[in-house]
Amino acid sequence: MKSVFTAALLCLVLGTTARAERYQVVTEEWAPYNYLENGQLTGMATEVVRAIMARTGDDFEIAVAPSMRAAHMLQTRPGTIMYSMFRTPDREPLYKWVGPIVEESIHPYQLADAPVPVNSLEQLMHAPRLTTRHDGLVPRVLESLGFTNLDKSAAESQQLYRMLLARRTELIIGDTDAGVSYYSRQLGIAPGTLRRVPVEVYRSSLYIAFSRDCDDALIDAWARVLEQLRRSGELGRIRRRYESPAER
C-alpha cells in the first residue's frame, strides 16, 4: 500500500513539473498593469495572473521581455502565455484568449498651459508633432488612422513625459489614463500639469493571450477562475489598489 501511495504521489509531482515546464508566461513592462518595481514584478494584471495560478495550482514561470520579443515568443514558442494584451481584430485568430481583465482607453496629453488647446481629431492630426513610442500598438493604430505627424522617437513611456515637460514636443500619446496617472506619480508631475485631450484614439479590453497549441482545459480553468475573481469582487479590489496607490 505504501509503495502504491508513493508511486501515485511521484506521478502527481512529475505531472505537475512537466506541466510547469511546458508553459511559459511572458509579459512586458507596461505600468500599471505589468512592471518591475525594486526588481520585483508587480502590477494590476500581474496580481490577477498570480491569483489565477494560485487557484488553479499552476506554477508557471513569468518572464519579463521587451514588447517585440515577448510578442515574438507568443507567436513562435509553443506553450506561451502573454499578458496584458489588447484583443484586436488582427490578433483575434492568432491566439486563444482569457478575459477581459479590464477595459481601458488611450488619449493624447498636452501641457495644461499649452497656448493652443487641442480638442478635436482634426486638430490632433494637423498638430506640428505627436510623440509616441517607437513601436507597439499605439503607433500602428495612429498610422492606420492616417496620422502623418508622428514622432516615434520615445524608447519608453517615461521619455514621453520628460519630452513634454521639457517642451520638446507639443503632444504625447502612449498610455492609458491609468498609465498616465502612474507615470505622473513616478516622475513627480504635479496635478493639473497635464491636460487630457478629449479625443479617444483607442478603446479596448486587456486580455491574457495563449499560443494556439495551449490546452483548452487550461484555458477553460483560467477563464473560470477569472470569472470567480470578478464575481467575488477581488478583481475590482485589485484594480482599485492601482488606481488608489495608498490602498496598496
Side-chain angles (χ1 to χ4, degrees), residues 27-37 42-45 64-71 84-88 91 101-206 239 242-245:
T27 190
E28 60 180 306
E29 281 217 56
W30 188 38
Y33 310 102
N34 17 270
Y35 61 98
L36 294 169
E37 185 174 79
T42 186
M44 182 192 305
V64 181
S67 177
M68 291 181 66
R69 188 185 306 165
S84 316
M85 287 192 74
F86 281 122
R87 187 173 180 174
T88 62
R91 290 172 174 171
I101 299 173
V102 66
E103 184 179 45
E104 295 288 16
S105 59
I106 294 176
H107 295 80
Y109 278 78
Q110 64 180 159
L111 292 175
D113 63 357
V116 181
V118 175
N119 293 304
S120 69
L121 180 62
E122 183 179 2
Q123 281 182 291
L124 193 63
M125 296 184 79
H126 291 91
R129 178 171 45 199
L130 175 58
T131 301
T132 186
R133 290 188 293 268
H134 68 92
D135 188 62
L137 176 66
V138 173
R140 289 197 296 272
V141 167
L142 293 169
E143 288 170 341
S144 72
L145 292 173
F147 279 82
T148 58
N149 58 344
L150 298 182
D151 165 25
K152 298 189 290 183
S153 62
E156 42 85 27
S157 287
Q158 289 195 8
Q159 189 176 352
L160 288 174
Y161 303 93
R162 292 192 175 105
M163 290 176 70
L164 184 63
L165 293 171
R167 301 184 187 271
R168 290 165 49 203
T169 187
E170 298 79 17
L171 293 150
I172 62 171
I173 183 168
D175 294 304
T176 64
D177 296 336
V180 174
S181 297
Y182 169 82
Y183 286 111
S184 294
R185 292 191 299 271
Q186 289 293 303
L187 296 171
I189 301 173
T193 302
L194 305 181
R195 173 183 180 268
R196 188 177 80 169
V197 174
V199 177
E200 186 179 81
V201 172
Y202 188 77
R203 172 179 286 272
S204 186
S205 297
L206 294 176
R239 179 173 184 176
Y242 287 86
E243 292 174 342
S244 305

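This structure is a prediction, so every number in the text was calculated from the model and none was measured.
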With rounding to the nearest 0.5 angstrom, report the [atom1] to [atom2] distance, [X] to [Y].
X	Y	atom1	atom2	value
Leu206	Glu103	CG	CD	9.5 Å
Tyr33	Thr176	OH	OG1	2.5 Å
Arg196	Ile106	CZ	CD1	12.0 Å
Glu28	Met68	CD	CE	11.5 Å
Arg133	Ser67	CZ	OG	8.0 Å
Ile189	Leu165	CD1	CG	4.5 Å

So, for [X] and [Y], which heavy atoms are closest and what is the spacing to 0.1 Å?
X	Y	result
Pro115	Pro117	O-CD, 3.6 Å
Thr27	Ser84	OG1-N, 4.0 Å
Ala112	Gly192	CB-O, 3.1 Å
Val199	Ser120	CG2-C, 3.6 Å

- Message: Taking side chain to side chain contact (heavy atoms under 4.5 Å, CB included) as the criterion, tell me which of Leu164, Leu111, Val197 meets it with Ile172.
- Response: Leu164
- The complete set of ring-ring contact (aromatic ring centres under 6.0 Å, His included) pairs with one or both residues in residues 121-163, sequence neighbours excluded, reads Tyr161-Tyr183
- Task: With side chain to side chain contact (heavy atoms under 4.5 Å, CB included) as the test, would you mind laying out the steps for Gln159 and Glu156 before giving the verdict?
- Result: CA-CA 6 Å; Gln159 189 176 352; Glu156 42 85 27; 3.6 Å; yes
- Message: Could you go through Leu171 and Tyr109, starting from their C-alpha distance and side-chain angles, then the distance that decides it, and tell me whether this counts as side chain to side chain contact (heavy atoms under 4.5 Å, CB included)?
- Response: CA-CA 6 Å; Leu171 293 150; Tyr109 278 78; over 6 Å; no
- Item | Pairs meeting criterion side-chain hydrogen bond (donor to acceptor under 3.5 Å, both in side chains) with involvement of residues 186-195, two or more places apart | Gln110-Arg195, Asn119-Arg195
- Item | Steps toward side chain to side chain contact (heavy atoms under 4.5 Å, CB included) verdict (Tyr242, Thr42) | CA-CA 10 Å; Tyr242 287 86; Thr42 186; 3.0 Å; yes
- Are there more than 12 heavy atoms of other residues, nucleotides or ligands under 6.0 Å from atom CZ of Arg129?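 Buried by this count: over 12 neighbours within 6.0 Å.
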- Query: Stepwise, does the side-chain hydrogen bond (donor to acceptor under 3.5 Å, both in side chains) test hold for Ser157 with Tyr182?
  - Reply: CA-CA 11 Å; Ser157 287; Tyr182 169 82; over 6 Å; no
- Can you label the angle between the Phe86 ring and the Trp30 ring as parallel, tilted or perpendicular, going by 30° and 60°? perpendicular
Can a donor-acceptor pair be found, under 3.5 Å and without considering hydrogens, that links the side chain of [X] to the backbone of [Y]?
X	Y	answer
Asn34	Ala45	no
Asn149	Leu124	yes
Glu29	Val64	no
Thr132	Ile173	yes

- Task: Go through the steps to decide whether Leu137 and Arg91 satisfy the test side chain to side chain contact (heavy atoms under 4.5 Å, CB included), and finish with yes or no.
- Result: CA-CA 11 Å; Leu137 176 66; Arg91 290 172 174 171; 4.3 Å; yes
